[in-house]
Amino acid sequence: VFKHREEEAAVCNMDLKCSAGSMEDEMTCSVCQELFKDPVTLRCGHNFCQECVCEYWKGKTSQSCPICRDDSATSDLKTNHTLRNIVDIYKKEGKKVKGESKPVCSQHKKELELYCVEDQEAICVMCVILKKHKNHEFLSIEEALQKFKEELKNSLKPLQDTHQKIAELKERYRENLNNIHRMVSISFSQTLRDMRERDRRFDTRVLSLITGSHNSIHDMVQKLKSILSNWGFSNRPKSSSDVESPNITENIVIDKQLKCREELCDSFFLTECKFIKKELEAKILSEVYRQFLAGTKLTKDLKMMVTLDPNTAHPNLTVSEDLTAVTRGSTRREDLPDNPERFDRSPCVLGSEGFTSGRHSWVVDVEKQTNWILGVAAESANRKEFIFQNLKPERGFWTVRLYEGGYIAFTDEGETRLDMLKTPKKVLVFVDYEAGKVSFSNADDMSHIYTFTHKFKHKIFPFFWPG
């Protein structure tokens, strides 16, 4: 009977220890790993020591829960009075339970009160007296516990900082993506409005030309009538029999004169009508072509959004946070990995999206640049050499350059000088993969700069060499 009761007491004692251990876990701050001091509750429902969570947020750009990363703020902190009272009661009433669960030395059955730094184990007083740990350095269990907590906290800090950086990076790229979607939506809507307005102006202009041409024809008819009137055809007799002349010979002469005048007038009328017709056709064709150019200017609104690939950028180049602009510096960054796709000798960068089909266009702002090279490059082009001497189609580059006010195209035959009537502020690059064409134009007036013709076989990417 006594043995049975002892077993029941042991089981109850074990359950009590487990219960106490589980309860203590619930009352422990996940930051300092100690019982809560002035516990506060975040918006997400997690609890921390007020001092711990405020210290954790110091130096961070955003305030989030250390456990679930949900957004929070200092103003959201609410003191958890219930939890604080439970912790206080536990500290008072739970000491006895906690004392019963103290670990003991497996060899001497004594309480583990010391920690051997050299052997890295908890020991009892008897272990020291019996000289097993002679001349070793010792710490009390409390000192060792505090030391390990500090080491753990220091080890966790870089990980917490990394989590914070990842969260900030995700937020930044989410914002960039939203900006891109918004810009595409605005650009598409504006393009539709511009196209409708262009069609309306075109219809109005052509109608005006036709009306003006009808007026010109009417004026010409009036002019012919005036000429006929001056020649005596306004009230001329219908034939020689209507002419009151007894002389037959004179009548014959009049008939011949009338016939000659009619043929002359018919010839003059036909010539004038043909001239008017050609003039009308020329005006309409000219207007159609002008409107076509005006419509082609809309390609700058239909252009694709080029994002740069920072993994291809030369170490002297700096790509903007939204990946749409690049600047060239004088200092080479040494912290970048030498990955296969990176240009390591020439200051170049590629677009992040390549093409194997279709038509694509983009506009590059070069207004403040005095030296640049633009175009496309094949995915297989060599990026681990000085490529300036190899900027030619046979080596996978289709590019044009501005240098000291002069424009050239890099062809397989060498440098081809280009005559420019106007310095472009923006350059439109147009690619037709199936047609094998890479064209460059002044994006402001759509004047042609140069066109490469090539049968593409590989993926090609937008190419940029800033000055």
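Under the 6.0 Å cut-off for aromatic ring centres, Phe463 and Phe397 qualify, their centroids lying closer than that. Aromatic pair His454/Phe456: centroids less than 6.0 angstrom apart. Between Phe36 and Tyr90, the distance from one ring center to the other does not fall under 6.0 angstrom. Taking the six-membered ring for Trp, Phe343 and His314 have ring centres at least 6.0 Å apart.
Judged by distance alone, the side chain of Asp412 and the main-chain N or O of Glu394 form a donor-acceptor pair under 3.5 Å. Of the possible polar contacts, none joining the Asp71 side chain to the Ala73 backbone as a donor-acceptor pair under 3.5 Å is found. Within the 3.5 Å criterion, the main-chain N or O of Asn311 finds a donor-acceptor partner in the side chain of Asn339. Checking side-chain atoms of Thr307 against main-chain N and O of Ser352 turns up no donor-acceptor pair under 3.5 Å. The closest donor-acceptor contact from the side chain of Trp465 to the backbone of Leu374 lies at 3.5 Å or more, if one exists at all. Between the side chain of Glu367 and the backbone N or O of Lys426 there is no donor-acceptor pair closer than 3.5 Å. Of the possible donor and acceptor atoms, one in the side chain of Arg342 sits under 3.5 Å from a partner among the backbone N and O of Pro310.
For the pair Glu353/Phe461, no side-chain contact is recorded, criterion being any heavy-atom separation below 4.5 Å from C-beta on. Here the side chains of Val429 and Pro462 are not in contact, with every heavy-atom distance at 4.5 Å or above. You'll find the side chain of Phe464 stays beyond 4.5 Å of the side chain of Thr399, heavy atoms only. Looking only at side-chain heavy atoms (C-beta outward), Val376 and Val431 come within less than 4.5 Å of each other. Put simply, the side chain of Asp38 reaches to within 4.5 Å of the side chain of Arg84, judged on heavy atoms. Glu55 places none of its side-chain heavy atoms less than 4.5 Å from the side chain of Trp57. Within the 4.5 Å cutoff, side-chain heavy atoms of Asp338 are placed close to those of Asp344. Counting heavy atoms from C-beta outward, Cys49 and Cys32 have side chains that approach closer than 4.5 Å.
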Please walk me through it: do Gln146 and Glu142 pass side chain to side chain donor-acceptor pair (under 3.5 Å)?
CA-CA 6 Å; Gln146 189 62 33; Glu142 290 75 13; over 6 Å; no
Is there a salt bridge (charged side-chain N to carboxylate O under 4.0 Å, His left out) between Glu34 and Lys149? Walk through the geometry before answering.
CA-CA 9 Å; Glu34 294 182 358; Lys149 284 183 178 180; 3.4 Å; yes
Residue pair Glu385, Arg395: steps toward the salt bridge (charged side-chain N to carboxylate O under 4.0 Å, His left out) verdict:
CA-CA 12 Å; Glu385 63 179 4; Arg395 300 300 295 270; 3.6 Å; yes
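Aromatic ring pairs are classed by plane angle as parallel below 30°, tilted from 30° to 60° and perpendicular above 60°; the pair Phe452 and Phe440 is perpendicular.
When every heavy atom of Tyr115 is checked against every heavy atom of Gln120, the shortest pair comes out as OH-CA, 3.1 Å. Taking both residues in full, the closest heavy atoms of Arg383 and Thr312 are given as NH1-CG2, 3.7 Å, listed atom of the first, atom of the second, then distance. Considering every non-hydrogen atom in both Leu42 and Pro66, the closest pair reads CD2-CD, 4.3 Å. Contact record, Ile460 with Ala378: CG2-CA, 4.2 Å, taken as the closest heavy-atom pair. Heavy atoms only, all atoms of each residue included: Leu77 and Val53 are closest at CD1-CG1, 4.2 Å. Minimum interatomic distance between Pro315 and Leu336 (heavy atoms only, all atoms of both residues): CA-CD1, 3.9 Å.
A salt bridge (Lys or Arg N to Asp or Glu O under 4.0 Å) check over residues 172-186, counting only residues at least two apart or in different chains, returns the pairs Glu171-Arg174, Arg172-Glu321.
For the pair Lys60 and Tyr56, the distance from NZ or CZ to the six-membered ring centre is under 6.0 Å and the angle to the ring normal is within 45 degrees.
Residue Met446 holds its CE atom at 4.5 Å from OG of Ser441, rounded to the nearest 0.5 Å. We find the CG-OG distance between Asn316 and Ser346 to be 11.0 Å, quoted to the nearest 0.5 Å. With rounding to the nearest 0.5 angstrom, the CD atom of Glu121 is 6.5 Å from the SG atom of Cys116. One distance of note links CD1 of Ile449 with CG of Leu402; it measures 10.0 Å at 0.5 Å rounding. Residue Thr28 holds its OG1 atom at 12.0 Å from CG of Asn47, rounded to the nearest 0.5 Å. If you take CD on Glu379 and NE2 on His458, they are separated by 9.5 Å, rounding to the nearest 0.5 Å.
Within 6.0 Å of NZ on Lys384 lie more than 12 heavy atoms contributed by other residues, nucleotides or ligands. Around CD of Glu51, the count of heavy atoms belonging to other residues, nucleotides or ligands within 6.0 Å does not exceed 12. More than 12 heavy atoms of other residues, nucleotides or ligands shown are found within 6.0 angstrom of CE on Met420. Remark: Glu150 CD is packed, more than 12 non-hydrogen atoms of other residues, nucleotides or ligands lying under 6.0 Å away. Taking a 6.0 Å sphere around OH of Tyr403, one finds it holds 12 or fewer heavy atoms contributed by other residues, nucleotides or ligands. In the displayed structure, Lys37 atom NZ is contacted under 6.0 Å by at most 12 heavy atoms of other residues, nucleotides or ligands. Annotation for Asp419: atom CG does not count as buried by contact number, only 12 or fewer foreign heavy atoms lying within 6.0 Å.
Partner Pro466 forms a side chain to side chain contact (heavy atoms under 4.5 Å, CB included) with one of Thr327, Leu317, Asn371 and no other, that one being Leu317.
A salt bridge is absent between Lys455 and Glu434; no separation between the charged side-chain nitrogens and carboxylate oxygens falls under 4.0 Å. Look at Lys157 and Asp161 and you find a salt bridge, because one of the NZ, NE, NH1 or NH2 atoms lies within 4.0 Å of a carboxylate O, short of that distance. A salt bridge links Asp76 with Arg43: the closest approach of a Lys/Arg side-chain nitrogen to an acidic carboxylate oxygen falls below 4.0 angstrom.
Judged purely by distance below 3.5 Å, without hydrogens or angles, the side chains of Gln164 and Glu168 pair a donor atom with an acceptor atom. Side-chain contact annotation: Thr74 with Gln63, donor-acceptor N/O pair under 3.5 Å present.
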